[in-house]
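Chain naming here is simple, since letters A, B, ... match the order of the sequence lines and numbering starts at 1 in each.
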There are 2 protein chains.
Amino acid sequence: MDKKAVLSALSALSQETRLDVFRLLVQAGPDGLPAGAIAEALGVAPNTLSFHLAQLNHAGLIAQRRESRSLIYSAEYSHMNALMGFLMENCCGLPANAAACGPICATAPEAANGESTASSPRRRV
Amino acid sequence: MDKKAVLSALSALSQETRLDVFRLLVQAGPDGLPAGAIAEALGVAPNTLSFHLAQLNHAGLIAQRRESRSLIYSAEYSHMNALMGFLMENCCGLPANAAACGPICATAPEAANGESTASSPRRRV
DNA sequence: GGCATAATTCCACTTACATTGAATTATGGA
DNA sequence: TCCATAATTCAATGTAAGTGGAATTATGCC
């Protein structure tokens with residue numbers, strides 16, 4: 001995950017409606033929700049919601065799939081985990097910081113490189 | 001941590017210069033860095049940096065302390081951890097999601113509620 | 001084909017954000 | 001006290017983001 005992707009994800013989440021949408025989808029689970037259900041749940045106009053869904057989708061935070069007439073959106077958990085890893089990158093490696101960095105510490109190097117399965121890379125300054 | 005604080009933190013981080021500043025401070029450790037050193041390291045004008053430091057500080061992501069003529073800034077790790085917890089709130093609780101939610105899962109409830117100050121003791125995972 | 005539903009795209013508008021240069025506050029030393 | 005350093009605050013400008021209304025695309029059913 002590069003800085004551009006991180007900025008894109010953070011920008012997407014730094015808006016109230018989009019934050020609400022994302023959290024709703026996180027809690028909805030892998031099955032996701034159709035756009036209409038999201039709009040109704042949050043009380044947002046359909047066109048406005050479309051705009052925000054596009055931003056989240058483009059940022060890689062949510063996925064889209066069609067099911068008949070409905071477009072179903074669902075959270076991309078892996079992308080979120082990669083984002084967190086990036087923010088704390090090169091934090092846990094410092095002996096002095098180990099305690100402060102928190103729960104992400106144990107797995108940060110992998111999360112930072114996204115898509116999991118990464119096992120070796122550590123330092124990048 | 002409430003939604004307002006989360007939005008404030010995400011807005012602060014969704015800007016390239018501020019993201020660079022925060023990551024630099026995360027990697028610098030609890031001792032932090034003076035404003036001038038940050039400005040030089042990132043190649044940003046002093047007044048512009050001041051503006052961004054104020055935003056990060058107001059969002060609770062960094063702390064400020066004076067040391068002679070210098071103002072030293074340091075990362076607020078606990079705030080960052082609380083932010084991550086909030087984003088994944090009510091995710092790990094769902095049996096279907098447990099695997100997808102990732103590393104934060106094990107400690108999310110605490111991070112989400114924790115208003116504690118920097119370097120607070122954290123439970124083992 | 002004709003019609004209704006689901007959602008998106010396009011357009012104009014208003015507001016908020018980031019940057020720049022000049023002026024100001026705070027600290028330390030001669 | 002006077003001056004230099006460290007950093008912030010103020011005022012002005014250009015650009016990007018969010019919202020609302022009307023029109024458009026995609027799918028399903030009769």
Side-chain angles (χ1 to χ4, degrees), chain A residues 3-25 28 31-76, chain B residues 3-25 28 31-76:
Chain A
K3 195 165 76 175
K4 217 165 185 178
V6 170
L7 279 169
S8 177
L10 289 170
S11 295
L13 289 173
S14 68
Q15 203 279 334
E16 182 162 19
T17 301
R18 288 195 294 265
L19 181 60
D20 289 341
V21 169
F22 180 74
R23 296 227 307 152
L24 184 65
L25 291 178
D31 288 348
L33 292 171
I38 301 172
E40 190 181 8
L42 301 180
V44 183
N47 58 348
T48 300
L49 181 67
S50 256
F51 170 76
H52 291 303
L53 285 172
Q55 307 262 323
L56 286 168
N57 190 36
H58 186 261
L61 287 165
I62 63 175
Q64 181 196 63
R65 73 175 191 275
R66 182 173 278 279
E67 213 158 275
S68 181
R69 272 184 291 192
S70 296
L71 285 174
I72 313 283
Y73 289 92
S74 56
E76 284 282 8
Chain B
K3 196 165 74 175
K4 218 167 185 174
V6 170
L7 280 170
S8 177
L10 289 169
S11 294
L13 289 173
S14 68
Q15 205 279 333
E16 183 163 18
T17 301
R18 289 197 293 265
L19 180 60
D20 288 340
V21 169
F22 180 73
R23 296 226 308 153
L24 184 64
L25 291 178
D31 288 348
L33 292 171
I38 301 172
E40 191 181 7
L42 301 180
V44 183
N47 56 349
T48 299
L49 181 67
S50 257
F51 170 76
H52 291 304
L53 285 172
Q55 307 259 324
L56 286 168
N57 189 36
H58 185 260
L61 287 165
I62 62 175
Q64 182 197 62
R65 73 175 192 275
R66 183 173 276 279
E67 213 159 275
S68 180
R69 274 184 288 193
S70 297
L71 286 174
I72 313 284
Y73 290 90
S74 55
E76 285 280 9

Stretch residues 39-60 of chain B: residues that reach within less than 4.0 Å of DNA chain D through a heavy atom: B:Pro46, B:Asn47, B:Ser50
B:Phe22 side chain reached by B:His52 side chain, heavy atoms, under 4.5 Å: no
Upstream residue (5' side of DNA chain D) when B:Arg69 and A:Glu67 are each assigned their closest nucleotide: B:Arg69
Heavy-atom side-chain contact between A:Glu76 and A:Leu61 under 4.5 Å: no
Under 4.0 angstrom between A:Arg66 side-chain N/O and D:dA26 OP1 or OP2: no
Under 3.5 Å: donor-acceptor pair, side chain of B:Ser14, backbone of B:Ser11: yes
Those residues of residues 8-21 of chain A lying under 4.0 Å from DNA chain D by at least one heavy atom: A:Gln15, A:Arg18
Span of DNA chain C, from the first to the last nucleotide whose atoms fall under 4.0 Å of chain B heavy atoms: C:dA18 to C:dG28
Residue pair B:Leu33 / B:Leu24, side-chain heavy-atom distance below 4.5 Å: yes
Intermediate values then yes/no, side-chain contact (heavy atoms from CB on, under 4.5 Å), A:Leu19 and B:Leu10: CA-CA 10 Å; A:Leu19 181 60; B:Leu10 289 169; 4.1 Å; yes
More than 12 heavy atoms of other groups within 6.0 Å of B:Glu40 CD: no
Contact summary for A:Arg65 and A:Ser74, nearest pair of heavy atoms: NH1-OG, 4.5 Å
Shortest non-hydrogen contact from A:Leu53 toward A:Ala35: CD1-CB, 4.0 Å
Option among A:Asp20, A:Leu49, A:Val44 that satisfies the side chain to side chain contact (heavy atoms under 4.5 Å, CB included) test with A:Ile38: A:Leu49
Any donor-acceptor pair under 3.5 Å from B:Arg23 side chain to B:Leu25 backbone: no
A:Ser68 vs D:dG28: side-chain N/O to OP1/OP2 distance below 4.0 Å: yes
